[in-house]
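These values consider heavy atoms only, across backbone and side chains, with no hydrogens, waters or symmetry-generated copies.
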Amino acid sequence: MPLMNLEQIKEIIPHRDPFLLIDEVEELEPGVCCVAKKYLKPEEDWFRGHFPGHPVQPGVLMIEMLAQAGAVCALSLPENKGKLAFFTGIDKARFRGQVNPGDTLTLSIEMTKWKGPIGFGKAVATVDGKKVVTAELSFALSK
């Protein structure tokens, strides 16, 4: 059973369909780390055009999924309730394997540093325990 379902996630981050890209949260230590899941349904709209006849999960959307897990981590702190998290950087992004319709992405982020409202984290996405994306993400929290 997940720690947070979709409705509970919506209480923390402002993303909504069609851009809410995580389905549940499995682990959360506010401000420290988060593990979320995304179930890639074959009917996801982006698979129609990426690529017709050979659908593949777009890498940029996996980065966004990791960022949304990071937003849950940061915005679940009581002092950050109601704020927004804006990307300030994506570094060392590596795409290490193809991800397909029907796969389940496990999205993990560990915050490595905070400088006031700026957060830095190491993010990893896996499918069946195999790393498919790694990146260092940074973001700024709104006032």
Side-chain angles (χ1 to χ4, degrees), residues 1-51 55-143:
M1 180 145 192
L3 180 65
M4 281 185 201
N5 63 29
L6 200 54
E7 293 308 311
Q8 293 165 312
I9 292 167
K10 288 180 185 179
E11 293 175 13
I12 296 171
I13 62 174
H15 302 76
R16 297 295 182 267
D17 283 335
F19 212 69
L20 178 56
L21 299 177
I22 57 176
D23 295 322
E24 64 185 44
V25 171
E26 288 193 332
E27 299 174 31
L28 175 64
E29 187 175 343
V32 177
C33 61
C34 180
V35 178
K37 295 274 188 176
K38 174 64 179 170
Y39 304 103
L40 297 172
K41 300 177 284 303
E43 62 273 10
E44 302 282 6
D45 195 46
W46 53 82
F47 287 133
R48 289 186 306 117
H50 195 266
F51 300 99
V56 176
Q57 176 63 33
V60 69
L61 291 180
M62 291 187 283
I63 295 290
E64 176 63 26
M65 292 168 189
L66 287 162
Q68 289 184 20
V72 168
C73 181
L75 299 177
S76 63
L77 287 167
E79 62 268 28
N80 294 335
K81 184 177 175 70
K83 293 184 180 181
L84 300 174
F86 295 101
F87 258 133
T88 59
I90 303 166
D91 296 308
K92 299 181 182 174
R94 297 290 179 264
F95 303 96
R96 303 173 182 280
Q98 185 172 308
V99 179
N100 302 301
D103 285 343
T104 297
L105 281 165
T106 299
L107 308 153
S108 303
I109 187 158
E110 180 179 343
M111 302 308 298
T112 57
K113 182 167 55 169
W114 286 95
K115 284 186 175 180
I118 308 295
F120 300 85
K122 289 191 180 228
V124 177
T126 62
V127 173
D128 296 327
K130 180 184 173 206
K131 285 183 188 179
V132 292
V133 179
T134 57
E136 294 177 3
L137 307 178
S138 59
F139 57 88
L141 298 178
S142 68
K143 293 186 178 202

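- Across all their heavy atoms, L75 and A85 have their closest contact at CD1-N, 4.3 Å.
- Judged by distance alone, with hydrogens and angles left aside, the side-chain atoms of D91 form no donor-acceptor pair with the main-chain N or O of E136 at under 3.5 Å.
- Legend: ring-ring contact (aromatic ring centres under 6.0 Å, His included) pairs involving residues 7-31, not counting sequence neighbours: none detected.
- Rounding to the nearest 0.5 angstrom, the gap separating the CG atom in L6 from the CE atom in M4 is 12.0 Å.
- Residue E110 places its CD atom among 12 or fewer non-hydrogen atoms of other residues, nucleotides or ligands, all under 6.0 Å distant.
- Between M65 and L40, some side-chain heavy-atom pair lies under the 4.5 Å cut-off.
- The CE atom of M111 sits 12.5 Å away from atom NZ of K122, with the distance rounded to the nearest 0.5 Å.
- Between S76 and I12 the shortest heavy-atom distance is N-CG2, 3.9 Å.
- In terms of modelled atom types and a separation under 3.5 Å, the side chain of Q8 and the main chain of N5 share a donor-acceptor contact.
- Considering all non-hydrogen atoms of both residues, A125 and L107 come closest at CB-CD2, 3.9 Å.
- Between the side chain of Q68 and the backbone N or O of L21, at least one donor-acceptor pair lies under 3.5 Å.
- A distance of 12.0 Å separates SG in C73 from CD1 in I13, rounded to the nearest 0.5 Å.
- Counted within 6.0 Å of NZ on K41, heavy atoms from surrounding residues, nucleotides or ligands total more than 12; the atom is thus considered enclosed.
- In this structure, R16 contributes its side chain and K10 its backbone to a donor-acceptor pair below 3.5 Å.
- Applying the ring pair (Phe, Tyr, Trp, His ring centres under 6.0 Å) test to W114 and every residue at least two apart in sequence or in another chain returns F139.
- Side chains of T106 and K37: a donor on one and an acceptor on the other come within 3.5 Å.
- Rounding to the nearest 0.5 Å gives a distance of 14.0 Å between NZ of K143 and CG of L84.
- The CG atom of L137 lies 12.5 Å from the NZ atom of K92; values are rounded to the nearest 0.5 Å.
- For the residue pair C34 and V72, the shortest heavy atom distance occurs at SG-CG1, 4.1 Å.
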> How far apart are the C-alpha atoms of V127 and L105, what are their side-chain angles, what is the distance that settles it, and do they pass the side chain to side chain contact (heavy atoms under 4.5 Å, CB included) test?
Replying inline: CA-CA 5 Å; V127 173; L105 281 165; 3.7 Å; yes
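- Residues K38 and Q57 fail the side-chain proximity criterion, which asks for heavy atoms closer than 4.5 Å.
- Of the residues V132, V133, T134, the one that meets the side chain to side chain contact (heavy atoms under 4.5 Å, CB included) test with R94 is T134.
- Atoms CD and CD1, on E24 and I9 in that order, are 7.5 Å from each other to the nearest 0.5 Å.
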> Which is it for W46 and V60 under the side chain to side chain contact (heavy atoms under 4.5 Å, CB included) test, yes or no, and what are the steps along the way?
Replying inline: CA-CA 11 Å; W46 53 82; V60 69; over 6 Å; no
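- The closest donor-acceptor contact from the side chain of D23 to the backbone of Y39 lies under 3.5 Å.
- Using a 4.5 Å heavy-atom cutoff, the side chains of V56 and H50 are in contact.
- Here the side chains of D45 and P18 are not in contact, with every heavy-atom distance at 4.5 Å or above.
- Counting all heavy atoms, side chain and backbone alike, F47 lies closest to P42 at CD1-O, 3.8 Å.
- Nearest heavy atom pair, residue S108 against residue V35, reads OG-CG2, 3.8 Å.
- Inter-residue side-chain proximity for T126 and K131 is flagged as met; some heavy-atom pair is nearer than 4.5 Å.
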